[in-house]
J.: 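Mind having a look at this structure? Questions to follow.
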Amino acid sequence: MFEILKKEELAPEIYLIEVKAEEVAKKALPGQFVIIRVDEVGERIPLTIVDFKSQNKSITLVFQAVGKTTKKLASLKVGDKIVDLVGPLGKPTEIKKYGKVICVAGGIGAAPIFPIARELKRAKNYVITILGARSKELLILEGNLLAVSHELHITTDDGSKGRHGLVTDALKELIKENKVDLVIAIGPAIMMKFVSEVTKPEKIKTIVSLNPIMVDGTGMCGACRVEVGEKTKFCCVDGPDFDGHLVDWNLLLSRQKVYLEEEKIALESLSEKAS
Amino acid sequence: MAEKKKEINPKKTPMPEQEPLVRIENFNEVALGYSVKNAIAEAERCLSCKKAPCVGGCPVEVDIPAFIQFVKEGDFLKAVKKIKEKNILPAICGRVCPQEDQCEKYCTLGKKYEPIAIGRLERFVADFEREKGLVEGFEVPKPNGKKVAVIGSGPSGLTVAGDLVKLGYDITIFEALHKPGGVLVYGIPEFRLPKKVVQAEIEFLQKMGVKIQTDVVVGKTVTIDELLNQEYQAVFIGIGAGLPLFMGIEGENLNGVYSANEFLTRVNLMKAYLFPEYDTPIKRGEKVAVVGGGNVALDSARTALRLGAKKVYLVYRRSEKEMPCRHEEFEHAKEEGVEFIFLTLPKRILSRGNGWVGAIECIKMILGEPDETGRRRPVPVSGSEFILDVDVVVVAIGTRANPLLPSTTPGLRLNEKGYIKINEIGRTSKKGVFAGGDIVTGSATVISAMGAGRTAARAIDEYLSK
Ligand SMILES: Cc1cc2nc3c(=O)[nH]c(=O)nc-3n(C[C@H](O)[C@H](O)[C@H](O)COP(=O)(O)OP(=O)(O)OC[C@H]3O[C@@H](n4cnc5c(N)ncnc54)[C@H](O)[C@@H]3O)c2cc1C
Ligand code: SF4
Ligand code: FES
């Protein structure tokens with residue numbers, strides 16, 4: 001059992017929790033994830049590790065309460081426990097000196113990009129971060145990202161804060177103005193796809209963190225199959241980081257929708273139980 | 001004058017079963033188990049051979065005539081104790097061992113008649129003991145202060161744990177998943193091996209002092225070197241062969257294509273058949289094709305039927321004779337309406353147009369010359385392609401070693417296929433590290449994994465007693 005030590009609503013329906021998990025906290029590196037199960041009837045879902053504090057023996061997770069599992073998780077309070085948490089899984093992001101790096105974060109992608117930006121800055125890179133969301137209320141971790149970036153650019157789809165537009169608009173301009181050595185993009189698949197399309201003709205190496213459906217997270221089931229450079233990879237063990245220029249984005253977008261119908265049924269059963 | 005010898009029933013006492021049309025509507029166990037009367041009748045067929053050849057066919061050498069003798073006498077508890085001297089998981093083995101290739105294959109009676117139903121008797125006595133609440137612990141000796149880490153909680157790991165705890169070792173099992181049991185819980189379906197049976201066996205070990213830590217992926221959460229440096233004097237690796245193989249054909253990543261591991265894990269471990277009461281979903285196909293011919297393929301096909309499929313095809317590239325599955329499972333699948341398409345190989349998986357499976361294109365095969373396994377190699381017949389309309393495909397063509405743990409364990413020698421190399425007593429190339437089960441042999445059987453566990457336990461004891 002894994003106790004929730006802290007809980008914060010960062011934005012409407014976006015939560016940050018700190019969970020006690022000593023072994024995972026000791027081992028975690030930026031870019032890795034855990035698989036959790038909320039309760040005895042729960043499913044296994046992956047969540048990227050946002051921060052790890054070995055002194056508190058805890059890890060930080062950020063999630064948006066959209067499906068049955070994340071809604072259940074959001075309903076827990078400090079002191080409550082989740083039944084399972086296993087990790088750290090996946091390969092860590094490769095941290096080294098690249099030169100000038102642009103970190104692109106869309107929506108709750110801000111959370112997993114935070115430790116990566118921090119480590120990249122520590123590794124003496126010049127870190128430019130683009131943080132985008134639909135609107136002002138949904139921008140999260142702005143202060144944290146500011147602290148670990150040399151520059152922070154904000155975009156909102158509706159123009160309620162920062163630049164009016166998409167993260168890719170800001171990215172295009174920054175690429176024009178700077179000689180960029182690496183782009184790291186984390187966010188919804190569709191955003192990572194567009195970022196990769198912007199950087200590909202410019203031949204800027206682009207790392208993305210893929211988020212397919214997973215079950216075990218250890219290479220045992222193949223639910224997390226993605227195609228990269230025309231080869232099938234198991235995202236949970238071969239990734240989650242891949243070269244964005246080689247990813248088959250349409251396949252990922254399609255495979256993420258396998259259980260759309262079932263998700264609706266699951267949500268209905270949750271609200272039935274609540275009423 | 002000697003009494004005239006009692007006539008022997010040439011046939012095995014039949015196993016009471018759920019009717020096919022009833023059982024495909026539920027996930028309950030198909031074979032219901034012998035009654036006391038059935039068991040005694042079956043035991044009485046046994047000739048109590050002096051040089052019992054059945055024992056030689058048993059990978060862990062259970063004293064079969066001795067336990068059957070106790071069944072004849074109606075002393076079922078003594079019978080199960082006899083078995084447990086050699087086999088700590090009789091309720092499981094009685095259900096899933098391929099007895100037709102082991103003990104029963106060598107049974108004297110089998111020369112003329114049907115052999116003794118040894119597996120059914122084994123199951124009966126183990127169930128009797130458990131259901132009557134009569135399971136007794138064994139004397140645990142004083143702790144000897146030595147700690148052994150067991151990685152993986154499948155049959156090999158459970159056997160190592162059981163054997164060593166009996167000798168006074170302090171045992172901790174580390175399991176990657178959230179439930180212990182390995183393939184017994186995530187792979188083999190409820191209707192063949194009820195999970196409560198597995199759970200009872202595991203709880204028994206825990207009662208004897210075995211500690212189990214779930215949610216630990218060795219190689220990620222902790223490494224073998226760390227275990228050895230921290231507190232453990234020896235490590236046993238029993239992680240199975242859990243990496244699913246795919247065919248490598250076009251369309252294999254379409255929605256609706258599952259590996260058997262994923263399909264069975266969702267249903268068995270995650271209980272997707274009880275969705276939405278349980279949260280994990282699964283696609284319930286109308287027409288399902290399962291590719292493969294082993295137990296895993298048949299389990300997948302029979303699971304698909306129970307999830308409500310109208311049609312389930314089993315596509316196998318060789319013929320019925322070469323199928324590596326258990327005979328009983330094949331018969332059950334046939335009764336339940338699985339349609340077998342032999343000598344057929346999938347060539348590509350076709351989309352319905354929206355990212356989902358719509359059909360598979362197959363090609364007919366004929367059997368040619370024998371290959372290295374001695375089975376005749378199937379060769380495609382050109383121009384014989386045909387299309388099978390399906391909405392779910394389950395690929396059950398085998399598994400390989402998962403490199404996750406070996407790749408983080410320096411000094412552990414592997415063979416060219418990635419399986420761990422051991423010597424005849426279960427030692428790996430790394431000091432203090434032992435291995436056994438599917439991670440050494442490739443996918444095999446529950447009982448062979450247990451046998452490997454037994455051998456390794458002996459070697460570990462010897463290593464730590466020096
Ligand atoms: C669907 C199916 C049906 C079968 N039917 C039969 C049958 O009828 N009869 C029969 O005899 N055999 C059958 N088998 C084969 C049999 O189940 C296996 O041969 C046997 O379970 C192997 O045992 P094992 O101990 O080697 O490993 P497994 O049972 O594979 O257990 C390995 C365990 O190790 C865990 N693990 C893996 N990596 C790590 C890690 N890095 N850290 C921690 N834990 C880890 C896994 O999660 C798993 O729980 C079947 C197999 C399948 C898949
Ligand atoms: S070989 Fe058959 S008949 Fe003889 S002891 Fe074994 S089970 Fe009984
Ligand atoms: S989640 Fe099962 S193999 Fe990746």
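Here is how names work: the chains are called A, B, and so on, in the same order as the sequence lines, proteins then strands, and each is numbered from 1.
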J.: Are any non-hydrogen side-chain atoms of L177(B) and R44(A) less than 4.5 angstrom apart?
T.: yes
J.: Between F275(B) and chain A, with a heavy-atom cut-off of 4.5 Å, which part of the residue counts as in contact: side chain, backbone, both or neither?
T.: side chain
J.: Applying side chain to side chain contact (heavy atoms under 4.5 Å, CB included), run through M220(A) and T265(B) and close with a yes or a no.
T.: CA-CA 9 Å; M220(A) 183 269 264; T265(B) 299; 3.8 Å; yes
J.: Using a cut-off of under 4.5 Å for heavy-atom pairs, which of L269(B), V217(B), V395(B), L274(B) has the most such pairs with chain A?
T.: V217(B)
J.: Measure across K91(A) and K220(B) and return the closest heavy-atom pair with its distance rounded to 0.1 Å.
T.: N-NZ, 4.4 Å
J.: Of the non-hydrogen atoms in E262(A) and I282(B), which two are nearest, and what is the gap between them?
T.: OE2-O, 3.9 Å
J.: Quick one: which of P88(A), A266(A), S269(A) has the most heavy-atom pairs under 4.5 Å with chain B, could you say?
T.: P88(A)
J.: Quick check: closest heavy atoms across P244(B) and G219(A), and the distance to 0.1 Å?
T.: CD-O, 3.5 Å
J.: Start with the C-alpha gap between I35(A) and H178(B), add the side-chain angles, then the distance that decides, and say whether side chain to side chain contact (heavy atoms under 4.5 Å, CB included) holds.
T.: CA-CA 10 Å; I35(A) 295 240; H178(B) 57 269; over 6 Å; no
J.: With a sphere of 6.0 Å drawn around NZ of K20(A), does it hold more than 12 non-hydrogen atoms of other residues, nucleotides or ligands?
T.: no
J.: Side chain, backbone, both or neither: which part of L254(B) has an atom under 4.5 Å from a heavy atom of chain A?
T.: backbone
J.: Using non-hydrogen atoms and a 4.5 Å limit, figure out which bit of I36(A) sits close to chain B: side chain, backbone, both or neither.
T.: neither
J.: Say you draw a straight line from CG of D215(B) to CZ of R37(A); how long is it, rounded to the nearest 0.5 Å?
T.: 8.0 Å
J.: Working note: F234(A) + L243(B), criterion side chain to side chain contact (heavy atoms under 4.5 Å, CB included); need CA distance, chi angles, decisive distance, verdict.
T.: CA-CA 10 Å; F234(A) 286 9; L243(B) 190 80; 4.2 Å; yes
J.: What's the separation between atom CG in D39(A) and atom CG in D279(B), rounded to the nearest 0.5 Å?
T.: 6.0 Å
J.: Passes side chain to side chain donor-acceptor pair (under 3.5 Å), N402(B) versus T218(A)? Steps please.
T.: CA-CA 9 Å; N402(B) 188 335; T218(A) 65; 4.6 Å; no
J.: On a heavy-atom basis, which atom in W356(B) and which in V258(A) lie closest, and how many Å separate them?
T.: CZ2-O, 3.5 Å
J.: On a heavy-atom basis, which atom in K283(B) and which in Y259(A) lie closest, and how many Å separate them?
T.: N-CE2, 3.8 Å
J.: Counting C-beta onward and ignoring hydrogens, is there a side-chain heavy-atom pair between P281(B) and E261(A) closer than 4.5 Å?
T.: no
J.: Using heavy-atom distances under 4.5 Å, tell me whether V216(B) contacts chain A through its side chain, its backbone, both, or neither.
T.: backbone
J.: Enter the distance from K68(A):NZ to T280(B):OG1 here, rounded to the nearest 0.5 Å.
T.: 9.5 Å
J.: Please flag which part of V34(A) lies under 4.5 Å from any non-hydrogen atom of chain B: side chain, backbone, both or neither.
T.: neither
J.: Tell me, yes or no, whether the heavy-atom count around E230(A) atom CD, taken from other residues, nucleotides or ligands under 6.0 Å, exceeds 12.
T.: no
J.: Is the NZ atom of K147(B) crowded by more than 12 outside heavy atoms at less than 6.0 Å?
T.: yes
J.: For residues S259(B) and C221(A), report the shortest heavy-atom separation together with the two atoms involved.
T.: OG-O, 2.6 Å
J.: To the nearest 0.5 Å, tell me how far E40(A) CD sits from Y278(B) OH.
T.: 7.5 Å
J.: Could you walk me through whether R266(B) and V215(A) pass side chain to side chain contact (heavy atoms under 4.5 Å, CB included), step by step?
T.: CA-CA 8 Å; R266(B) 283 184 179 272; V215(A) 182; 3.6 Å; yes
J.: Identify which of A260(B), P276(B), G219(B) forms the greatest number of heavy-atom pairs closer than 4.5 Å to chain A.
T.: P276(B)
J.: Can you check salt bridge (Lys or Arg N to Asp or Glu O under 4.0 Å) on K27(A) and E226(B), steps first, answer last?
T.: CA-CA 12 Å; K27(A) 279 288 166 70; E226(B) 286 165 342; 2.6 Å; yes
J.: Contact part of L85(A) toward chain B, heavy-atom cut-off under 4.5 Å: side chain, backbone, both or neither?
T.: backbone
J.: Let's test your reading of the structure: which of G67(A), G217(A), G42(A) forms the most heavy-atom pairs below 4.5 Å with chain B?
T.: G42(A)
J.: Flag the one option from T69(A), N250(A), T232(A) with the top tally of heavy-atom pairs under 4.5 Å to chain B.
T.: T232(A)
J.: Distance check, rounded to the nearest 0.5 Å: N253(B) atom CG versus L252(A) atom CG?
T.: 11.5 Å
J.: Contact part of R225(A) toward chain B, heavy-atom cut-off under 4.5 Å: side chain, backbone, both or neither?
T.: side chain
J.: Check whether any side-chain N or O of N255(B) sits under 3.5 Å from a backbone N or O of K257(A) as a donor-acceptor pair, and report yes or no.
T.: no
J.: Heavy-atom pairs under 4.5 Å with chain A: which of M270(B), K271(B), E252(B), E277(B) has the most?
T.: M270(B)
